[in-house]
Colleague: 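This is the structure I want to talk about, given as structure tokens.
The chains referred to below are lettered A, B, ... by the order of the sequence lines, with proteins before strands, and numbering in each begins at 1.
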Amino acid sequence: MKVVVCIKQVPDTKGGVKFKPDGTLDRGAMLAIMNPDDKAGLEAALRLKDQYGAEVTVLTMGLPKADAVLREALAMGADKAILVTDRVLGGADTWATSSTIAGALRNLEYDLIITGRQAIDGDTAQVGPQISEHLGIPVISYAEEIKVDEAAKTVEVKRQFEDRYHIVKAKLPCLITALSELNEPRYMTPGGIFDAFEKEVTVWGRADLKDVDDSNLGLKGSPTQIAKASDKVKKGQGEKVAPDSPEEAVDYIVGKLKEKHIV
Amino acid sequence: MSLEEYKGVFIFAQQVDNELSGIALELLGKAKSLAEDLDEKKVTAVLLGSGVKGLVDKLAEYGADRVIVVDDPELKDYRTEPYTHALASVIKEYKPEILLVGATAIGRDLGPRVSSRVHTGLTADCTSLDIGDFPLEAREGVEQKHKQLLMTRPAFGGNTIATIACPDFRPQMATVRPGVMQKIDPIKGAKAEVVEFNPGFTANDCYTEIVKIVKETSAVADIQAAKILVSGGRGVGSPENFKILEELAEVLHGTVSCSRAVVDSGWKPKDLQVGQTGKTVRPALYFAIGISGAIQHVAGMEESDIIIAINKDENAPIFDVADYGIVGDLNKVVPALTKRLKEELAAKE
């Protein structure tokens, strides 16, 4: 069985967001990590490797420095790594990103493609389902559990909704988007880290993408365009009091609630 | 693609178990106000399901001028492929200028798949939608298009905000966060034009099989519907200590919600989480108790009408968004507040 996991290098928003003196985000100062949902997807793939001897390939699209997350994935146990990087691919929205990744995936054999549900920088959750559409394969989003039946060439997924879950069965090949809740990703092993830096990362550029028109790539191939982007402006500050006693605090709150006709 | 052929604002009227989701009505409210600024003022709801025609009148009461119904047994429960086929076929046939979809567990799967099939842009998880010019400012050598959908969304864990347009493709598609847009007051007895449409469904390899549906009817409250939320953070100290918040909520007929730290610690279920990775809420009154006010939390509650924060740390960022901030010990202030409110309400009766 062959599994391809699509991963993304993202700035770590959890580990403290850094701002420049002018109040804009300092992306360069933030730690670059493997996107958490993608890491859960990788762990799911590695469990299929443990269970069935699946071959696990990780693929990322990004700047050359995204090599770091591929090395991390190799150190966790992935077998092969592919970096898709090219200047003409920059500025891509989710349509152009998914067209690019689909173009790369067409070069590979796969039974299962796993992506994270969403990346913590964009939070769109769009690229996974869009890749599946470009490839014409089924998608199951929001996976909490994945069970593969290798003989029957099917996969059964616990698919989360707001107030329920579905157990959904699909034919392979299939694309699954993974939730962080899926599992607890393993750590890199010291041996794995050592080997990861020995292994070769395949680098693909525009010319290596299969069956994709230039009009679907990069900034020019992006249907959506940014009209305006800004770091968030904070709401004006209200009142703040430091009462001497709980009673005084209560007087203050109840006074405000009466003023606003809530009580 | 001739952009002029695409007319009108459409919404995906999500239903589950043949009951309309709240987001469908919220989208209608927004669609109506967007249509005011467009040449075509008719609002169309697209209703997909099996045996769902009975929902048409409710859509009319909440602002739909027309309802396109695709009623087919293949659409009984949500599955990506038949729903994508239905919605993409409606787009090809009826050519909407704008299509809004809820950013729900269904919409965030359906939206991207449909937008890829019809080759258009999709902006995720929008919190604000307007009609305006793109580019915003006229620039020499660049055609400025008018009456474009300007879609605003937070990104980067709520730290940045971007406004996005889709000037050269149609429909302009957005998924919209539940709880952000306002429904209209229902117009009793309103009727909509009903169009029945069926593109035909032929199973292929993309069709999945639903083996089992398990409803998780946990007794969890709907925090997005609550008018008053009493929200607790890590500062509450323990799951047991949430009792004092529950007592306050009870007196106010409110609901208890919480921050991500509380969910991560396993004190409360994820359904009660407010924030960028939880739910967006805009109650009339929001108590932030023992919540420091991380940006990702604030992103989910800053639109509340009144925010009251109680925190012992006077430098907590929550005080930057609170209308009324009280620096104090929540263990003393909250029970005292509950007691006083009980007395006040008893005196009234």
Colleague: Hey, are B/Asp17 and A/Arg164 close enough for a salt bridge, meaning a charged N less than 4.0 Å from a carboxylate O?
Modeller: yes
Colleague: Given that the side chain runs from C-beta out, which part of B/Asp125 has a heavy atom under 4.5 Å from chain A: side chain, backbone, both or neither?
Modeller: side chain
Colleague: Where does A/Lys158 contact chain B at under 4.5 Å (heavy atoms): side chain, backbone, both or neither?
Modeller: neither
Colleague: Examine whether an atom of B/Thr123 lies under 4.5 Å from a heavy atom of chain A, and if so say whether it belongs to the side chain, the backbone or both; otherwise answer neither.
Modeller: both
Colleague: Quick check on B/Ile326 against chain A: is it the side chain, the backbone, both or neither that has a heavy atom closer than 4.5 Å?
Modeller: both
Colleague: Under a 4.5 Å heavy-atom cut-off, does chain A meet the side chain of B/Arg79, its backbone, both or neither?
Modeller: neither
Colleague: Does a side-chain N-to-carboxylate-O contact under 4.0 Å join B/Arg340 and A/Glu247?
Modeller: no
Colleague: Which residue is it: A/Thr177, A/Asp38, A/Asn35? I am looking for the one with a side chain to side chain contact (heavy atoms under 4.5 Å, CB included) to A/Arg117.
Modeller: A/Thr177
Colleague: Heavy-atom cut-off 4.5 Å, strictly under: side chain, backbone, both or neither for B/Leu122 against chain A?
Modeller: both
Colleague: So that I can tick it off, tell me whether B/Asp323 and A/Lys256 are bridged by a salt bridge, with the cut-off set at under 4.0 angstrom between side-chain N and carboxylate O.
Modeller: no
Colleague: Non-hydrogen atoms of chain B under 4.5 Å away: do they reach the side chain of A/Asp251, the backbone, both or neither?
Modeller: both
Colleague: Salt bridge between B/Lys339 and B/Glu343, side-chain N to carboxylate O under 4.0 Å?
Modeller: yes
Colleague: Heavy-atom distances under 4.5 Å only: say whether A/Ile131 touches chain B with side chain, backbone, both or neither.
Modeller: neither
Colleague: Angle between ring planes, A/His166 versus A/Phe161, binned at 30° and 60°: parallel, tilted or perpendicular?
Modeller: tilted
Colleague: Using non-hydrogen atoms and a 4.5 Å limit, figure out which bit of B/Lys270 sits close to chain A: side chain, backbone, both or neither.
Modeller: side chain
Colleague: Can you say whether A/Ile262 sits under 4.5 Å from chain B via the side chain, the backbone, both, or neither, judging by heavy atoms?
Modeller: side chain
Colleague: Select one option (side chain, backbone, both, neither) describing which atoms of B/Tyr324 are under 4.5 Å from chain A's heavy atoms.
Modeller: both
Colleague: Closer than 4.0 angstrom, basic N to acidic O: yes or no for A/Glu133 and B/Arg113?
Modeller: yes
Colleague: Which atoms of B/Val114 are under 4.5 Å from chain A, going by heavy atoms: the side chain, the backbone, both sets, or neither?
Modeller: neither
Colleague: Which bit of B/Thr152 is near chain A, if near means a heavy-atom gap under 4.5 Å: side chain, backbone, both or neither?
Modeller: neither
Colleague: Can you say whether A/Tyr165 sits under 4.5 Å from chain B via the side chain, the backbone, both, or neither, judging by heavy atoms?
Modeller: both
Colleague: Are B/Lys145 and B/Asp168 ion-paired here, with the side-chain N under 4.0 Å from a carboxylate O?
Modeller: yes
